[in-house]
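Just below is one structure, and these are the notes that go with it.
Every heavy atom of this structure was used, including side-chain atoms; hydrogens, water molecules and symmetry mates were not. Each chain gets a letter, A, B and so on, in the order its sequence line appears, and its residues count up from 1.
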There are 2 protein chains.
Amino acid sequence: MNSNDLKNVGLKVTLPRMRILEILERSEGEHYTAEDVYRLLLDAGEEIGLATVYRVLTQFEAAGLVNRHHFEGGHAVFELNRGSHHDHMVSLKSGKVVEFVDDIIEERQQQIAKEHGFKITGHTLILYGEFEDE
Amino acid sequence: MNSNDLKNVGLKVTLPRMRILEILERSEGEHYTAEDVYRLLLDAGEEIGLATVYRVLTQFEAAGLVNRHHFEGGHAVFELNRGSHHDHMVSLKSGKVVEFVDDIIEERQQQIAKEHGFKITGHTLILYGEFEDE
DNA sequence: AACTATATGCCAAAGATTCTCATTTCGGGC
DNA sequence: GCCCGAAATGAGAATCTTTGGCATATAGTT
């Protein structure tokens, strides 16, 4: 249940926050820009400010509800944190994004960090290229 | 030799380009922002425009002389392409960056791409965290 | 040395994100 | 259910990073 997600992370349950959460939940696998979320809400007839979208997304990120990525191009995209960590494969042709996980890679990362006396708090692995069928 | 690097990639050998190349060559392992490069040049008494720095860095990237990364924070950083591909370990505490390569990971990436009918043209792997001794 | 295509500098402009502040809304207590 | 203080929101200004336009300067050639 939505409102509980917010309460659980210590955020007041407000309309804009609920709406933004819904947008993110509804989007299977899509990676939205703050602007995207804003537009989607406007199109849905909601009254919301772009600044609020940015603020809320940042709060969600801090609360661990959302992940922020920087794909090529530089602007940030957001996606709901559905618990399971994953990496990305991004088509530079179509922008299509596929997610994946590989235990061997995850394990090697830990191993490498250990060798360097490094404690990993997060990581990003993005493969750029294109799909054969596009 | 510097000027040849430029000629080889079809760029006219100009003073600003040489200076920027020098800055990048001199920086062992540092990752500079366009602004950083600009400041370093100004501090060194060079007369250069920020726009030129951006233009040149972009040209260098297109020519394969430098790599552009997007670490957390959103702004782009550049480093000289010294031939060998590598990944990064970034300390969120100090900003320190260590480079590494792991054949097993590289190989798994190819394998995963293959399974998804994806042709990799580039990739980014960044581990975020902090070093034990800081 | 002269010529032409390119590159550069400066400054304006665009895009993304953050800040300010007056107004509105949430959540708890009465 | 209504009131109050704290927190959140909306609108627009402000900031930061990056790009574009244009007149001038420069590299490379003849």
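Side chains of A:Arg68 and A:Thr58: a donor on one and an acceptor on the other come within 3.5 Å.
For the pair A:Val90 and A:Leu127, the minimum side-chain heavy-atom distance is 4.5 Å or more. By the 4.5 Å heavy-atom criterion applied to side chains, B:Leu11 and B:Val56 are not counted as neighbours. At least one side-chain heavy atom of A:Phe100 sits less than 4.5 Å from a side-chain heavy atom of A:Leu125. For the pair A:Lys12 and A:Lys7, the minimum side-chain heavy-atom distance is 4.5 Å or more.
Under the rule for a side chain to side chain donor-acceptor pair (under 3.5 Å), the partners of A:His85 that lie at least two apart in sequence or sit in another chain are A:Asp87, A:Glu106, A:His123. In this structure B:Arg19 satisfies the side chain to side chain donor-acceptor pair (under 3.5 Å) test together with B:Glu22, B:Glu46, sequence neighbours excluded. Taking B:Lys93 as the reference, B:Glu130 meet the salt bridge (Lys or Arg N to Asp or Glu O under 4.0 Å) condition, with sequence neighbours excluded. Every residue two or more places apart in sequence or in another chain was checked for a salt bridge (Lys or Arg N to Asp or Glu O under 4.0 Å) with B:Glu72, and none qualifies. The side chain to side chain donor-acceptor pair (under 3.5 Å) search around A:Glu79 returns A:His31, A:His69, A:His86, A:His88, not counting sequence neighbours.
Direction of the helix axis in the helix from C:dA1-D:dT30 to C:dC30-D:dG1 shifts by 30° between the two five-pair termini, rounded to 10°.
In this structure a side-chain-to-backbone donor-acceptor pair under 3.5 Å is missing from A:Ser94 to A:Ser91. One N or O on the side chain of A:Asp36 and one on the backbone of A:Thr33 form a donor-acceptor pair closer than 3.5 Å.
The nucleotide whose nearest atom lies closest to any side-chain atom of A:Tyr54 is, among C:dG9, C:dA7, C:dT17, C:dT17.
Listed in residue order, the members of residues 35-51 of chain A having a heavy atom less than 4.0 Å from DNA chain C are A:Leu50, A:Ala51. Contacts between residues 58-74 of chain B and DNA chain D, defined by a heavy-atom separation under 4.0 Å, are absent.
The nucleotide range of DNA chain D contacted by chain A, defined by atoms under 4.0 angstrom from heavy atoms of the protein and reported 5' to 3', is D:dA6 to D:dG12.
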*At under 4.0 Å between heavy atoms, which parts of nucleotides 25-30 of chain C does protein reach? Answer with one letter per nucleotide, 5' to 3': B base, S sugar-phosphate only, - none.*
-BS---

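One distance of note links CD1 of B:Ile48 with OH of B:Tyr38; it measures 8.5 Å at 0.5 Å rounding.
Nucleic acid contact class of A:Arg17 (heavy atoms, under 4.0 Å, all strands): sugar-phosphate only.
Summarising the geometry, the separation between CG on B:Leu6 and P on C:dT6 is reported as 17 Å, rounded to the nearest angstrom.
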Under 3.5 Å, which donor-acceptor pairs do the side chains of residues 111-122 of chain A form with other protein atoms, sequence neighbours left out?
residue, atom, partner, partner atom, Å
A:Gln111, NE2, A:Glu115, OE2, 3.4
A:Thr121, OG1, B:Tyr128, O, 3.3

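Through direct or indirect side-chain contacts shorter than 4.5 Å among Ile, Leu, Val, Met, Phe, Trp and Tyr, B:Ile104 is connected to A:Ile104.
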